[in-house]
Amino acid sequence: MSSKKYKACISGVHGYVPDYVLTNSELEKLVDTTDEWIVTRTGIKERRILKGELQGTSVLGVRCLEGLLEKTNTNPKDIDLIIVATVTPDMFFPSTANLIADKVGASKAYGFDISAACSGFLFALTTGCQFIESGTHKKVVVIGADKMSSIIDYDERKNCVLFGDGGGSVLLERSNDDTGIQDYILRSDGSGSDMLCLRGGGSLRPASIETIKNKDHYIYQEGSSVFKFAVTNMADISEEIMKKNNLSSDDVSYLVPHQANKRIIDATAKRMGVGPEKVLLNIEKYGNTTAGTIPLCLWDFEKKFKKGDNLILAAFGGGFTWGSLYLKWSYNN
Ligand code: UT7
């Protein structure tokens, strides 16, 4: 039996990407790659980069939250809680959520960060839901944002073509009807941790001359191994949430997938039996913004959504972490 007092719903969404566009042709000048390779293997044409001194992930979070507050006509002082999903916090501590709360004037809110890599937004969203569903909080902000350029080696072709900077935010409130977050499935498997990680800078390998020489402060990824896990797990978990909720492919209005590789997204859609018209893609514009991809996708396609639409959100990322979430969209535009 459910212990939920209320249903949580997304009552607004807003995103932010920096102005600087890093195109495939610019990357061709930096490393041994081609536009053709990047587009065929990943679907990415360009990505955004946050330039300038002392510009951390909180800048992305503040910009998308300011837009969200304006759009939803929300007073920052009415926010109870801010949860930020990120693997590129401004600092280890204090949390990026704290910094964002301060900068937007959310003086009554508390906040914390969640680290679940590319699945971070789904983990944070389901965490935020609990506070709404139990009735303890009325307005919870969930942000997914990453400044991936801060952990990318632009001398090495494997990863620099994949990632970009950006973030999105949603406001969670009590639903007045049956719409809102219906169900979710989250999973993790630490045995995959070595295949996609940031080796240096933590308590295991604190920053040293050695870690810098070893390039341990840049993202490490065994691309083709991660690809295999991503394809299988993202497709499995998306199918699983459909079965669990008796959803046929006709019932699904849109798939909102993590944007790491178009081929992973295609495999997921195929397993779900949904056609390309239902698959929301913006990977070509932003690349992989890690925790930012799903809220950025909701923001980019918000105008398409109608109240009652069934959305399936799905992600796979470092950890390994993965998950799917089923929601009924709560408003018309
Ligand atoms: O978001 C979190 C989870 N992460 C993911 O989901 C990413 C999963 N992995 C992938 O998306 C893909 O594995 C990549 C896009 C990273 C790589 O695609 P792939 O088809 O698996 O390529 P590969 O790693 O097997 O490499 C194929 C070839 C290699 O050359 P050889 O050994 O066949 O001569 C690579 O050295 O492509 C080469 N290569 C490149 N060539 C041009 C690797 N990176 C590049 C590049 N430009 N940027």
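Every number for a ligand or one of its atoms is a count from 1 in the order of the listing. Just so it is clear, the values below take in all heavy atoms, side chains as well, and ignore hydrogens, waters and symmetry mates.
- Ligand 1 places these atoms under 4.0 Å from at least one heavy atom of R41: 19 (P), 20 (O), 22 (O), 27 (C).
- Remark: D153 engages K215 in a salt bridge, criterion side-chain N to carboxylate O under 4.0 Å.
- By the 30° and 60° cut-offs, the orientation of the rings of F229 relative to F320 is tilted.
- Residue V226 has at least one heavy-atom neighbour below 4.0 Å for each of these atoms of ligand 1: 3 (C), 4 (N), 5 (C).
- What sits closest to atom 1 (O) of ligand 1 on the protein, heavy atoms only, is N288 ND2, 2.8 Å.
- Counting only non-hydrogen atoms, the option in C118, S224, A117 that gets closest to atom 21 (O) of ligand 1 is S224.
- Residue contacts with ligand 1 include L196, since one or more of its heavy atoms lies under 4.0 Å from the ligand.
- Looking at N261, I264, T290 and measuring to atom 6 (O) of ligand 1, the nearest heavy atom belongs to I264.
- Nearest to atom 5 (C) of ligand 1 by heavy-atom distance, out of M148, Q221, E28, is Q221.
- Between D266 and K270 there is no salt bridge, since none of the side-chain N atoms of the basic residue sits less than 4.0 Å from a carboxylate O of the acidic one.
- A salt bridge is absent between K328 and D309; no separation between the charged side-chain nitrogens and carboxylate oxygens falls under 4.0 Å.
- Cluster annotation: M242 and I264 are assigned to the same hydrophobic cluster (Ile/Leu/Val/Met/Phe/Trp/Tyr, side-chain heavy-atom contacts under 4.5 Å, transitive).
- Between T34 and ligand 1, not a single N/O pair is under 3.5 Å apart.
- When R157, K158, E36 are ranked by how near their heavy atoms come to atom 36 (O) of ligand 1, first place goes to R157.
- Given atom 18 (O) of ligand 1, the protein heavy atom at minimum distance is R263 NH2, 3.5 Å.
- Note: an N/O pair closer than 3.5 Å links H258 and ligand 1 by distance alone.
- Under the 3.5 Å distance criterion, the side-chain polar atoms of T96 are left unmatched by any main-chain donor or acceptor of P89.
- The side-chain hydrogen bond (donor to acceptor under 3.5 Å, both in side chains) test with Y331 singles out one residue from K306, K307, E302, and that residue is E302.
- Of the heavy atoms in T42, only side-chain atoms (C-beta onward) come closer than 4.0 Å to ligand 1.
- Closest heavy-atom approach to atom 17 (C) of ligand 1 among the candidates W37, F229, F316, W322: W37.
- Of all protein heavy atoms, the one closest to atom 47 (N) of ligand 1 is T33 OG1, 2.6 Å.
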Apply side-chain contact (heavy atoms from CB on, under 4.5 Å) to the pair L311 and L298, showing each step before the final yes or no. CA-CA 10 Å; L311 273 56; L298 290 173; 3.9 Å; yes

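- The shortest N or O to N or O distance between G223 and ligand 1 is below 3.5 Å.
- Salt bridge annotation for R157-D32: present, with a cationic side-chain nitrogen under 4.0 angstrom from a carboxylate oxygen.
- Cluster membership for L281 and I294, using ILVMFWY side-chain heavy atoms within less than 4.5 angstrom, is not shared.
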